[in-house]
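As a basis for the values below, the full set of heavy atoms in this structure was taken, side chains included, without hydrogen atoms, waters or symmetry mates. The first residue of the sequence shown is numbered 1, and numbering continues consecutively from there. Every number for a ligand or one of its atoms is a count from 1 in the order of the listing.
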Amino acid sequence: MQLGVRLKQVLHLNMSKKRVLSGIQTTGSLHLGNYLGAIRNWVEIQQDYDNFFFFADLHAITVPHDAKVLADNTLKMAAVYLASGIDLSCSTIFVQSHVPAHSELAWLLNCITPLNWLERMIQFKEKAVKQGENVSVGLLDYPVLMAADILLYDADKVPVGEDQKQHLELTRDIAGRINDKFGKKKQSVLRVPEPMIRKEGARVMSLSDGTKKMSKSDPSDLSRIELLDSPETIKRKIKKCKTDPVKGLTFDDPERPECHNLLTLYQILSNQTKEGVAVECQDMGWGQFKPLLTEATVEALKPIQDKYHELMNNQEYLDSVLREGASQASSVANQTLARVKDALGFLPPL
Ligand code: TYM
């Protein structure tokens with residue numbers, strides 16, 4: 001990999017491409033929702049952009065976490081990004097906590113973000129209910145840190161699943177507020193990013209309930225397929241997943257959310273068109289469909305799993321990628337942080 005070439009790109013010598021940034025929390029292992037809603041899309045678009053993809057370990061501690069597995073989860077996720085096809089000649093991958101500018105900008109943004117903007121966040125309300133009285137300030141503040149992640153890199157586009165849309169809107173509002181208050185002579189301080197949400201796969205639903213999103217925090221393992229699940233586990237989960245008693249499988253029937261979700265998974269994982277799958281499955285029952293979905297899932301995940309295990313056996317390489325990533329990311333992030341501090345009127349380091 002041409003690390004030197006990438007460093008020149010991130011130092012703005014490659015101005016022709018727009019910037020993309022996205023990340024995933026390092027909580028537990030990744031599931032099909034993370035893959036189809038995020039990583040797969042990053043891989044597909046990466047050649048057309050200048051990309052920063054990171055591991056949101058600071059976000060992972062906004063709910064109670066296990067200190068013994070945090071570092072391991074981060075490293076495993078790095079192997080998953082690379083195994084899924086992230087290309088280091090156009091993309092930088094890095095660990096959020098390795099770039100202190102994230103926490104520092106988050107503080108600056110905290111001080112200009114009205115509290116009631118955060119209290120409106122749906123994800124906070126949902127997660128806070130689960131935490132009861134132990135809900136942390138960090139969980140409320142989570143979207144401000146996310147705004148800092150994005151704004152530090154002057155990102156033009158942020159490819160995410162549907163559930164992050166509200167956080168993206170907040171990021172835009174925060175950037176707008178900084179620009180209004182502190183921009184000089186019509187010169188904005190921060191670039192206002194745009195969400196990039198692809199229709200298919202933007203909301204992968206739970207295998208146990210087609211009306212709920214597939215999620216890392218669902219207590220039931222059977223509700224999600226993880227990227228590193230073995231073929232036997234995938235087979236068992238699909239066998240047990242919720243279906244309905246109707247014969248003939250169709251998309252878009254509001255009465256059949258599981259049917260829509262499973263057909264969509266099959267369509268994406270087997271690389272087919274919606275129309276093709278609709279015709280193929282219109283007369284099928286679940287007994288016929290489930291083995292097809294199992295096979296498509298196992299086949300789609302196999303190359304990622306093989307590459308993942310290869311990478312996990314090469315710790316030195318992973319370390320070097322993350323070291324280089326932190327240095328590339330810091331060089332961009334520190335420039336933006338200095339720009340914001342200057343606009344806010346801080347005395348520069350003497
Ligand atoms: P996280 O870790 O919950 O999810 C990571 C990505 O996966 C997508 N996703 C889904 N897509 C489709 N169907 C699902 N069931 C599903 N579940 C998750 C999410 O939309 C996301 O794209 N706050 C973020 C992480 C983050 C971030 C950022 C993202 C921190 N800073 C800056 C973008 C830019 C989060 O918790 O995602």
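- Among all non-hydrogen protein atoms, the one lying nearest atom 6 (C) of ligand 1 is A38 CB, 3.8 Å.
- One side chain, S89 or D87, offers a donor N or O that lies under 3.5 Å from an acceptor on the other.
- What sits closest to atom 13 (N) of ligand 1 on the protein, heavy atoms only, is V204 N, 2.8 Å.
- For atom 9 (N) of ligand 1, the nearest non-hydrogen atom from the set N34, L30, L58 comes from N34.
- Relative to the ring axis of Y49, K157 does not place its NZ or CZ within 45° and under 6.0 Å from the centre.
- Atom 29 (C) of ligand 1 has as its closest protein heavy atom G23 O, 3.3 Å.
- Annotation: atom 31 (N) of ligand 1 to nearest protein heavy atom, D149 OD2, 2.6 Å.
- Numbered from 1 in the order shown, with element, the atoms of ligand 1 that lie under 4.0 Å from a heavy atom of H31 read 17 (N).
- Residue-ligand proximity: H167 is placed with every non-hydrogen atom at 4.0 Å or more from ligand 1.
- Residue K216 places a heavy atom less than 4.0 Å from ligand 1.
- Atom 19 (C) of ligand 1 has its closest protein heavy atom at D163 OD1, 3.3 Å.
- For the side chain to side chain contact (heavy atoms under 4.5 Å, CB included) with L151, the lone residue among L109, V189, T336 that qualifies is L109.
- Side chain to side chain, S91 and Q46 meet the donor-acceptor criterion of an N or O pair below 3.5 Å.
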- request: May I have the step-by-step check of salt bridge (charged side-chain N to carboxylate O under 4.0 Å, His left out) for E232 and K235, ending in yes or no?
  value: CA-CA 5 Å; E232 298 70 46; K235 187 172 172 194; over 6 Å; no

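- Considering backbone and side-chain atoms alike, I24 places every N or O at 3.5 Å or more from each N or O of ligand 1.
- Around atom 12 (C) of ligand 1, the closest heavy atom drawn from S217, A202, G161, P143 belongs to A202.
- By the 30° and 60° cut-offs, the orientation of the rings of W42 relative to F53 is parallel.
- Other residues, nucleotides and ligands contribute over 12 non-hydrogen atoms within 6.0 Å of the CD atom of Q282.
- Protein heavy atom closest to atom 10 (C) of ligand 1, with residue, atom name and distance, is G33 O, 3.4 Å.
- Contact check for T243 versus K290: side-chain heavy atoms found under the 4.5 Å cut-off.
- The atoms of ligand 1 that sit less than 4.0 Å from any heavy atom of V158 are 33 (C), 34 (C).
- For the residue pair T233/S230, the side-chain donor-acceptor check at 3.5 Å is satisfied.
- Distances shorter than 4.0 angstrom occur between a heavy atom of G201 and an atom of ligand 1.
- Side chain to side chain, Y35 and E226 fail the donor-acceptor criterion of an N or O pair below 3.5 Å.
- Taking each of K127, Q164, H102, Q123 in turn, the one with a heavy atom nearest to atom 21 (C) of ligand 1 proves to be Q164.
- For ligand 1, the atoms sitting less than 4.0 Å from at least one non-hydrogen atom of K213 are 15 (N), numbered in the order shown with element in parentheses.
- What sits closest to atom 2 (O) of ligand 1 on the protein, heavy atoms only, is Q25 N, 2.9 Å.
- In this structure, H102 has its ring center under 6.0 Å from that of Y153.
- Considering each of F54, Y142, Y153, the one bringing a non-hydrogen atom nearest atom 36 (O) of ligand 1 is Y142.
- For ligand 1, the atoms lying closer than 4.0 Å to a non-hydrogen atom of G37 are 11 (N), 12 (C).
- Between Y142 and H167, the ring center distance clears the sub-6.0 Å criterion.
- Atoms of ligand 1 lying under 4.0 Å from at least one heavy atom of I150, given by number and element, are 32 (C), 34 (C).
- One side chain, E200 or Q267, offers a donor N or O that lies under 3.5 Å from an acceptor on the other.
- Of all the atoms in ligand 1, the ones that sit under 4.0 Å from a non-hydrogen atom of M214 are 14 (C), 15 (N), 17 (N).
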